Structures are given as C-alpha cells and as structure tokens.
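To keep things clear, I will list the structure first and then write my remarks on it.
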Amino acid sequence: MNTNLDPIIVKKLDDFRSRRRNLILLRGLCSGILSFLGTFVLIALIDYLTRGRMSEDLRSGLSILGYCLVLILFWKTCLGPLLLLPSAKKLARLLEQSSPDLKEDLLSAVELGMGNQSSSDSDVFRKLLQKQASTKVSELDIKNILPLGTLKYWLRGTAGLIAITFALLQIPDFGSALK
C-alpha cells in the first residue's frame, strides 16, 4: 500500500483484503471436501450398486477423473482467486460495491493518494478528500460487509455431504468399497 494514503484507509483495506482471503480459503476448503467426497462417494456408490462388477480399469479411470475434477474445482474456487491479488484500487472498488454508502469517495481517495505528485490538484484537496473517506470508512465493520453467511450454502453442503458419507459408511459392504 502507498504511504500517502490515510492510515485509517490503509487499515480498512488491509482488513478487507484479509477477510476476503480468509473467506476464499474457507470456500476452497468446502469446495475441496465437497468435490472429493461427492466424487468418490459417487464412484463407491456406483460400484456398490453394480455389486462390484466394475472393472479395475474403469474404477481407476474414474478415480483419476475424480482427482482431476477435485483439482479443477479447488483451483476455480480457491487457488485462482488467491493468486489474483487485487490492487489497492481494486480493493477500494470491491469495498465500495459491498458498502454503497461510500459512493466513490474511497476509490477517489485511493487514486489521489497513489497518484503522481505532478498532477494539477492540490495537496489540501487530496487531504480533505482522504479525511472524508477515512471518516466514512472508519465506521465500517468489515465482518458485516463480508459475513460468514455468504458461504452458508458451501458450509451447509459440506456438512450435509459429510453426514451422508458417515451414514453410507454404516452399510457394511459399502464402507469396504471406499478402501
């Protein structure tokens, strides 16, 4: 982050980045569990329902396909978004989208704080705009802007699939198909 920015703005942008990263990691964990359990329980269920008549080559092929599916989904939901780290401007834009009462004050403050010193606006204007933006931003609660509830379907799906998996493992012949 640029040191010309108001420290309150820098702190809120860092908090927003951290919260966003943690939610992406949690979504990735849920995605990994869902795709792994879903894929391999489905393969085991198909094997169980066909009474073990699935050939070893088909079972191996489905397993490789399952691992590929897990990796693709984990990449799309977690690793990909984490590798595309947003700049301060992008974070400001995301924060403004999440909290419409900021309008475009935060983005303007960030742009002016990061702008070159040869621009035609005055330092007084820059500081005034940053002060207004920092006043608005200081009242924001990042946990309310990015609540854990945004992942409620991921969390419910993961818990439900874990429960279904444990229920299926209670069937004696089915549990052996997962080994």
Side-chain angles (χ1 to χ4, degrees), residues 1-39 66-166:
M1 294 276 171
N2 193 313
T3 56
N4 294 334
L5 283 174
D6 188 288
I8 295 172
I9 294 174
V10 172
K11 172 92 170 85
K12 285 297 179 174
L13 288 176
D14 286 341
D15 291 347
F16 186 74
R17 175 184 283 126
S18 176
R19 179 75 174 177
R20 183 176 174 271
R21 183 192 69 234
N22 291 340
L23 289 176
I24 289 172
L25 285 171
L26 183 58
R27 181 181 66 184
L29 177 67
C30 289
S31 168
I33 291 170
L34 278 169
S35 58
F36 183 79
L37 284 179
T39 301
Y67 284 120
C68 290
L69 178 69
V70 170
L71 286 174
I72 290 169
L73 288 174
F74 188 71
W75 177 266
K76 286 192 165 283
T77 59
C78 186
L79 292 180
L82 284 178
L83 292 177
L84 298 173
L85 296 175
S87 65
K89 286 182 185 180
K90 177 75 173 172
L91 275 176
R93 190 172 298 121
L94 289 171
L95 188 52
E96 284 178 348
Q97 289 172 354
S98 301
S99 181
D101 57 320
L102 289 175
K103 299 182 177 132
E104 293 201 4
D105 294 339
L106 180 61
L107 182 58
S108 300
V110 169
E111 286 175 343
L112 287 174
M114 299 178 74
N116 56 15
Q117 300 300 333
S118 64
S119 61
S120 61
D121 54 340
S122 69
D123 285 336
V124 174
F125 173 71
R126 287 175 189 250
K127 288 181 181 174
L128 178 64
L129 185 62
Q130 284 196 22
K131 184 67 174 168
Q132 287 175 339
S134 68
T135 302
K136 287 182 179 180
V137 166
S138 66
E139 299 169 359
L140 292 178
D141 182 18
I142 300 299
K143 289 184 179 180
N144 285 338
I145 292 173
L146 290 175
L148 189 60
T150 57
L151 299 179
K152 67 182 173 187
Y153 296 115
W154 286 99
L155 295 169
R156 286 180 186 166
T158 302
L161 189 55
I162 289 172
I164 290 170
T165 303
F166 280 127

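All values reported here derive from a predicted model rather than from experimental measurement.
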Checklist outcome for this item: So CD1 of Ile9 and CG of Leu91: to nearest 0.5 Å the spacing works out to 13.0 Å
Checklist entry - Can you name the residues that form a ring-ring contact (aromatic ring centres under 6.0 Å, His included) with Phe36, not counting sequence neighbours? => result Phe40
Checklist outcome for this item: Only residue of Thr165, Ile162, Val70 satisfying side chain to side chain contact (heavy atoms under 4.5 Å, CB included) with Ile33 is Ile162
Item to check | Validation row: Ser99, Lys136 side chains within 4.5 angstrom (heavy atoms) | outcome: no
Next on the checklist: Using every non-hydrogen atom in the two residues, find where Thr39 and Ser35 come nearest and quote the distance to one decimal.
Outcome noted: OG1-O, 2.6 Å
Checklist entry - Ile142 versus Leu95: any side-chain heavy-atom pair under 4.5 Å? => result yes
Checklist entry - Nearest heavy-atom pair of Leu107 and Glu96: which atoms, and what distance? => result N-OE2, 2.6 Å
Item to check | CG on Leu29 to CD1 on Ile24, rounded to 0.5 Å | outcome: 14.0 Å
Checklist entry - Quick one: side-chain hydrogen bond (donor to acceptor under 3.5 Å, both in side chains) pairs with a partner in residues 139-153, sequence neighbours left out? => result Asp141-Asn144
Checklist outcome for this item: Between Leu34 and Leu161, the two heavy atoms sitting closest are O-CD2, 3.4 Å
Next on the checklist: Using a strict threshold of under 4.0 Å (side-chain N to carboxylate O), is an ion pair present between Asp15 and Lys11?
Outcome noted: yes
Item to check | pair Leu26-Leu148: side-chain heavy atoms closer than 4.5 Å | outcome: yes
Next on the checklist: For the backbone of Asp14 and the side chain of Ser18, can you confirm whether one donor and one acceptor N or O come within less than 3.5 Å of each other?
Outcome noted: no
Next on the checklist: Which heavy atom of Arg21 sits nearest to which heavy atom of Leu82, and what is that distance?
Outcome noted: CG-CD2, 3.5 Å
Checklist entry - CG of Leu106 to CD of Gln130: how many Å apart, nearest 0.5 Å? => result 10.0 Å
Next on the checklist: Ignoring hydrogens, what is the shortest heavy-atom contact between Thr77 and Ser31? Give both atom names and the distance.
Outcome noted: OG1-OG, 3.0 Å
Checklist entry - For Ala88, does its backbone N or O pair with a side-chain atom of Arg17 as donor and acceptor, under 3.5 Å? => result no
Item to check | Nearest heavy-atom neighbours spanning Ile8 and Ser134 | outcome: CG2-O, 3.7 Å
Checklist entry - Measuring from Trp75:CH2 to Ile72:CD1, what's the distance to the nearest 0.5 Å? => result 11.5 Å
Item to check | Any Leu23 side-chain heavy atom under 4.5 Å of Leu151 side chain | outcome: yes
Item to check | Test log, rule side-chain contact (heavy atoms from CB on, under 4.5 Å), inputs Asp6 and Val137 | outcome: CA-CA 11 Å; Asp6 188 288; Val137 166; over 6 Å; no
